[in-house]
Amino acid sequence: MSARSPLSEIWAKNHGGEATDLVADVRSLRQADLARCTAKWDRLAAAVATDGRTEDEIEEGLLVQLGLPL
């Protein structure tokens, strides 16, 4: 038991819950965040795999979009 455990229990009981509820909530939120992050990288990898442009073409397109000289 860490020094924070009793403090967490006291805080949770004063806020209508159990400390273990807070841990479960944090874990659930973290898992949801990881799922969103993984999905984002999967979409990015799929977009890169289907993009037939060269790096020079991509760079030129970005510079044009930003209004910068080529």
Side-chain angles (χ1 to χ4, degrees):
M1 177 187 266
S2 72
R4 289 185 173 250
S5 295
L7 181 59
S8 295
E9 289 287 339
I10 292 168
W11 184 90
K13 288 181 181 182
N14 288 330
H15 289 85
E18 296 292 326
T20 54
D21 293 341
L22 296 175
V23 171
D25 290 345
V26 169
R27 284 185 182 148
S28 175
L29 292 170
R30 181 66 181 138
Q31 287 172 344
D33 184 50
L34 287 171
R36 280 190 302 275
C37 185
T38 299
K40 178 182 77 172
W41 286 109
D42 289 347
R43 287 190 307 273
L44 179 62
V48 168
T50 60
D51 193 346
R53 298 177 294 168
T54 66
E55 286 187 26
D56 289 337
E57 291 169 330
I58 293 170
E59 180 183 1
E60 183 178 320
L62 289 171
L63 290 172
V64 168
Q65 285 179 355
L66 294 172
L68 299 172
L70 301 175

Steps toward side-chain contact (heavy atoms from CB on, under 4.5 Å) verdict (Asp51, Ile58)
CA-CA 10 Å; Asp51 193 346; Ile58 293 170; 4.1 Å; yes

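At distances below 3.5 Å, at least one donor-acceptor pair connects side-chain atoms of Glu57 with backbone N or O atoms of Thr54. With hydrogens and angles ignored, the 3.5 Å screen pairs no side-chain donor or acceptor of Ser28 with any backbone N or O of Ala24. A donor-acceptor pair under 3.5 Å is formed between the side chain of Thr50 and the backbone N or O of Ala47.
Atom CZ in Arg27 sits 13.0 Å away from atom CG in Leu34 (nearest 0.5 Å). Between the CZ atom in Arg53 and the CD atom in Glu60 there is a gap of 10.5 Å [rounded to 0.5 Å]. If you take CG on Leu29 and CG on Asp33, they are separated by 8.5 Å, rounding to the nearest 0.5 Å.
Hydrophobic cluster membership is shared by Val64 and Leu66, with clusters built from Ile, Leu, Val, Met, Phe, Trp and Tyr side chains linked at under 4.5 angstrom.
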